[in-house]
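Here the structure is laid out as C-alpha cells; the discussion comes afterwards.
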Amino acid sequence: MSMESFSKSEIKYIEEQIKNTIRYIYNIRFDLYFRPQIEEGYRQEVSKGLFCLRIRDLYFLILAYLEVKGMNSLLEEFRNRYAPIIDDDGKLDEEVCYYPGDESELKIIKGFEQFLRAFSFFDYHYENEETEKLTTILKNTDHILKNCNTEVYNEADIYKQVKWVLGLYYPQCRSRKRAAFIQQFKTYNPDILIPELKTAIEYKYLNNKSDNIDEFIDQIKIDATNYVGDPNYEYFIAVIYIEDVSVATRESIEASWKAKKFPDNWELITVNGSPTKKQK
C-alpha cells in the first residue's frame, strides 16, 4: 500500500489518532495510578484492560502510519520489536525509571515514541496551537495564583501552582522532576519540564525594589548555558513574575534580555502580578 492510496485527510486522521491515543494513555495512567480517591478495586480491574486496549490501538495505528508513509525499514523494525509482545499483558504495562528520583514511565510507550520522532507532526514544538496554549497558560500565572489563593513568598510558590495546571494538559509534566542537564560539578534542574513539548520552564520572582534586573537576567543566562545535553528538551521559556510593578517595567526587562543575547531556543515571558497579603 502506497502513500498515494491515502488522501491527505486520511493521513491526518491517523496522525491525530496516534497523538490522541498517547495522550489518553498518559491521562488514564495518571488517574488510575496516582489519584488516591479512585477505589483500589477499580484500579486493579479496569486499568489493566484500558491500558492493554489502548496500547494495542496505538500499536496498530503506528503500523498503519509507517506503512502509508512508505517507511518500510522502520515498519519492519517496529513490527519485529513489538509484535512478539503486543499480546502479552504483562509486557504492555511494564514501567521503567530513566532518571533517579522521577516517577516511572511506561516502557512500551517511550519505545513507540522513538519511532515517531522522525516525523515533524509529532514534534509538538511545531504545533502553533500547542505552543500558543502553553504561552497563554504561562501569561496567566497571576490569574492561576489568585484563583488558588496562593500566598507567594518565593519562586516555588509560583511554579508549583502553575505546574499543577499544566499537568491537566500535559500529563508527563506531573511525573517528570529532573532532566539530564549534567555538567562537571552540578546537575541543573528547571522548575517545570514538559516532555510532550520538549520544553523546560524557569521562573524568576521579582518583588523587591532593590532587586537588580540585570542580575536576574544573568541568572537565567547561566541556566541557558547549562541547560544543554538532554535531547528530550530543546526549547526553553523564562517566566519573570513581577509582584510589584514598580520594581521594573516589561520594556526594561526585555531590553536587558535582548542585550544578553540569549540563544534562539529561549523565550521570555513577563507577568505583572498582584501584591498578595501574606500572613506573618
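Because the structure is predicted, anything quoted here is derived from the model rather than measured. As a basis for the values below, the full set of heavy atoms in this structure was taken, side chains included, without hydrogen atoms, waters or symmetry mates.
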Looking at residues at least two apart in the chain, or sitting in another chain, which of them share a side-chain hydrogen bond (donor to acceptor under 3.5 Å, both in side chains) with Ser73? none
Can you find a pair of side-chain heavy atoms, one from Ile220 and one from Ile240, that are under 4.5 Å apart? yes
Sub-4.5 Å side-chain heavy-atom contact between Glu151 and Tyr153: yes
Between Arg56 (side chain only) and Ile86 (backbone N and O only), is there a donor and an acceptor less than 3.5 Å apart? yes
Would Glu202 and Tyr159 count as having a side-chain donor-acceptor pair, cut-off 3.5 Å? no
Pairwise side-chain contact, Asp142 with Lys146, heavy-atom cut-off 4.5 Å (strictly under): yes
Please walk me through it: do Leu58 and Ile109 pass side-chain contact (heavy atoms from CB on, under 4.5 Å)? CA-CA 9 Å; Leu58 183 58; Ile109 298 302; 3.7 Å; yes
So, do Val162 and Ile201 sit near enough that their side-chain heavy atoms are less than 4.5 Å apart? no
Out of curiosity, Glu267 CD to Phe262 CZ, how far, rounded to the nearest 0.5 Å? 12.5 Å
Taking ring pair (Phe, Tyr, Trp, His ring centres under 6.0 Å) as the definition, give me every residue that meets it alongside Tyr82, ordered by chain and number, with sequence neighbours left out. Phe78, Phe112
Parallel, tilted or perpendicular: ring planes of Phe236 versus Trp266, cut at 30 and 60 degrees: parallel
Partners of Lys139 by salt bridge (charged side-chain N to carboxylate O under 4.0 Å, His left out), sequence neighbours excluded? none
List the residues meeting side-chain contact (heavy atoms from CB on, under 4.5 Å) with Lys160, not counting sequence neighbours, and say none if there are none. Ala156
Residues at least two apart in sequence or cross-chain that pass side-chain contact (heavy atoms from CB on, under 4.5 Å) with Arg250, listed by chain then number, are Glu254, Thr270, Asn272
pair Pro195-Tyr233: side-chain heavy atoms closer than 4.5 Å: yes
For Asn147, check side-chain hydrogen bond (donor to acceptor under 3.5 Å, both in side chains) against everything at least two apart and list the hits. His143
When rounded to the nearest 0.5 Å, the distance separating CG of Asp218 from CG of Asp223 is 11.0 Å
Mind checking what makes ring pair (Phe, Tyr, Trp, His ring centres under 6.0 Å) contact with Tyr203, not counting sequence neighbours? none
Got a sec, which residues hit salt bridge (charged side-chain N to carboxylate O under 4.0 Å, His left out) with Glu77, two or more places apart in sequence or on another chain? Arg81
Do Lys110 and Glu113 sit within salt-bridge range, that is, some charged N less than 4.0 Å from a carboxylate O? yes
One pair to check against side-chain contact (heavy atoms from CB on, under 4.5 Å): Arg54 and Tyr59. What are the steps and the verdict? CA-CA 9 Å; Arg54 296 306 177 203; Tyr59 169 75; over 6 Å; no
Do Ile22 and Phe119 belong together in a cluster built from hydrophobic side chains that touch within less than 4.5 Å? yes
Carefully, step by step, assess Lys163 and Asp191 under the rule salt bridge (charged side-chain N to carboxylate O under 4.0 Å, His left out). CA-CA 9 Å; Lys163 181 177 180 179; Asp191 295 326; over 6 Å; no
Treating Asn140 as the side-chain partner and Ile137 as the backbone partner, does any N or O pair qualify as donor plus acceptor under 3.5 Å? no
Determine whether a donor-acceptor pair (N or O, by modelled atom type, separation under 3.5 Å) exists between the side chain of Gln161 and the backbone of Leu145. no
By side-chain hydrogen bond (donor to acceptor under 3.5 Å, both in side chains), Asn265 pairs with (sequence neighbours left out) none
Which residues pass the salt bridge (charged side-chain N to carboxylate O under 4.0 Å, His left out) test with Lys258, not counting sequence neighbours? none
Verdict with reasoning, Tyr13 to Tyr65, per ring-ring contact (aromatic ring centres under 6.0 Å, His included): CA-CA 10 Å; Tyr13 175 79; Tyr65 187 67; over 10 Å; no
When you look at Tyr205 and Glu243, which way does the side-chain contact (heavy atoms from CB on, under 4.5 Å) test go after all the steps? CA-CA 8 Å; Tyr205 174 44; Glu243 186 173 87; 3.1 Å; yes
Asp88: which residues meet the salt bridge (charged side-chain N to carboxylate O under 4.0 Å, His left out) condition with it, sequence neighbours left out? none
What is the distance from atom OG1 of Thr135 to atom CD1 of Ile269, rounded to the nearest 0.5 Å? 4.5 Å
For the side chain of Lys19 and the backbone of Phe121, is there at least one donor-acceptor N/O pair under 3.5 Å apart? yes
Verify side-chain contact (heavy atoms from CB on, under 4.5 Å) between Ile192 and Cys173, making sure each step is shown before the conclusion. CA-CA 7 Å; Ile192 300 175; Cys173 174; 3.7 Å; yes
With sequence neighbours excluded, what pairs up with Lys221 under the side-chain hydrogen bond (donor to acceptor under 3.5 Å, both in side chains) test? none
Output for pair (Leu166 CG, Thr199 OG1), nearest 0.5 Å, gives 10.5 Å
Side-chain heavy atoms nearer than 4.5 Å, only ILVMFWY residues, links allowed to pass through others: does that put Ile222 and Leu268 together? no
Decide whether Leu197 and Trp164 are clustered together by the hydrophobic rule: side chain heavy atoms of Ile, Leu, Val, Met, Phe, Trp, Tyr closer than 4.5 Å, transitively. yes
Tell me whether Lys12 is salt-bridged to Glu16, with the criterion being a basic N under 4.0 Å from an acidic carboxylate O. yes
Among Tyr169, Tyr170, Tyr235, which residue satisfies the side chain to side chain contact (heavy atoms under 4.5 Å, CB included) criterion with Leu134? Tyr170
Note, Ile253 side chain near Ile242 side chain (heavy atom, < 4.5 Å): yes
Hey, could you give me the CG/CG distance between Leu66 and Leu61, rounded to the nearest 0.5 Å? 11.0 Å
Spacing of CD1 belonging to Ile62 relative to CE belonging to Met71, to within rounding of 0.5 Å: 13.0 Å
Less than 4.5 Å apart, side chain to side chain, heavy atoms only: is that true for Lys204 and Tyr241? no
Compare all side-chain heavy atoms of Asp214 with those of Lys260 and state whether any distance is below 4.5 angstrom. yes
